[in-house]
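Everything on this sheet refers to the single structure shown next.
Values below: every heavy atom of this structure, side chains too, minus hydrogens, waters and symmetry copies.
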Amino acid sequence: MSRLHKTADLGPRVPDEYLYRVVDALAALSAETGKSVPQVALNWLLRKPTISTVIIGARNEKQLRDNLAAASFALTPAQVIKLDEASEPQVAYPYWHQRQFRTLNPLLPAYHQ
């Protein structure tokens with residue numbers, strides 16, 4: 001049983017189109033790597049320098065083992081870029097406009113990776 005149905009409306013709204021784009025990218029990389037979708041997602045998150053921990057919620061031993069196996073492989077830089085691009089949120093104005101002028105508004109060093 002999940003607690004999500006009790007708290008789902010408390011968070012920010014996420015457009016369905018965005019969710020489908022991310023899930024489609026995860027599914028494509030799952031097929032490409034032979035790893036499960038949760039493994040690909042967890043592996044990607046574990047390698048993000050700004051993410052200090054990932055909380056898993058396994059319901060049984062099989063899910064736990066699957067989730068733990070996410071740390072046993074490495075996505076390629078190209079695969080990480082696919083997920084980064086698919087998950088990049090739409091930026092609000094004026095930021096999307098300012099990004100057109102990189103010389104005047106350079107990204108922070110952490111974003112140059």
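- By the salt bridge (Lys or Arg N to Asp or Glu O under 4.0 Å) test, Lys82 pairs with Glu32, sequence neighbours left out.
- Applying the side chain to side chain contact (heavy atoms under 4.5 Å, CB included) rule to Ala28 yields no partners; only residues at least two apart in sequence or on another chain are considered.
- Taken to the nearest 0.5 Å, the CG atom of Leu26 stands 8.5 Å off from the OG atom of Ser87.
- With sequence neighbours left out, Val23 forms a side chain to side chain contact (heavy atoms under 4.5 Å, CB included) with no residue at all.
- Listed by chain and number, the hydrophobic cluster partners of Tyr20 come to none, as no ILVMFWY side chain reaches under 4.5 Å of it.
- Residues satisfying the side chain to side chain contact (heavy atoms under 4.5 Å, CB included) criterion with Glu88, sequence neighbours excluded, are Arg99.
- No path of Ile, Leu, Val, Met, Phe, Trp and Tyr side chains, each step under 4.5 Å between heavy atoms, connects Ile81 with Ile51, placing them in separate hydrophobic clusters.
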I'd like a table of donor-acceptor pairs (distance under 3.5 Å, sequence neighbours excluded) in which one partner is a side-chain atom from residues 39-49, with atom names and distances.
from	atom 1	to	atom 2	distance (Å)
Gln39	OE1	Ser36	N	3.0
Gln39	NE2	Asp66	O	3.1
Gln39	NE2	Asp66	OD1	3.1
Asn43	OD1	Arg47	NE	3.3
Asn43	ND2	Ala70	O	2.7
Asn43	ND2	Phe73	O	2.5
Trp44	NE1	Asp84	OD1	2.9
Arg47	NH2	Phe73	O	2.5
Lys48	NZ	Asp84	OD1	2.4
Lys48	NZ	Asp84	OD2	3.2

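- Its side chain outside the 4.5 Å cluster rule for every partner, Ile55 clusters with none of the Ile, Leu, Val, Met, Phe, Trp and Tyr residues.
- In terms of heavy atoms, Asn67 sits closest to Ala58 at ND2-CB, 4.1 Å.
- Once rounded to the nearest 0.5 Å, the distance linking CG of Leu75 with NZ of Lys35 reads 10.0 Å.
- Counting only residues at least two apart or in different chains, salt bridge (Lys or Arg N to Asp or Glu O under 4.0 Å) contacts with residues 13-22 comprise Asp9-Arg13.
- Every side-chain hydrogen bond (donor to acceptor under 3.5 Å, both in side chains) that Thr76 has, sequence neighbours left out, goes to Gln79.
- Every residue was checked against the salt bridge (Lys or Arg N to Asp or Glu O under 4.0 Å) condition with Glu85, not counting sequence neighbours, and none meets it.
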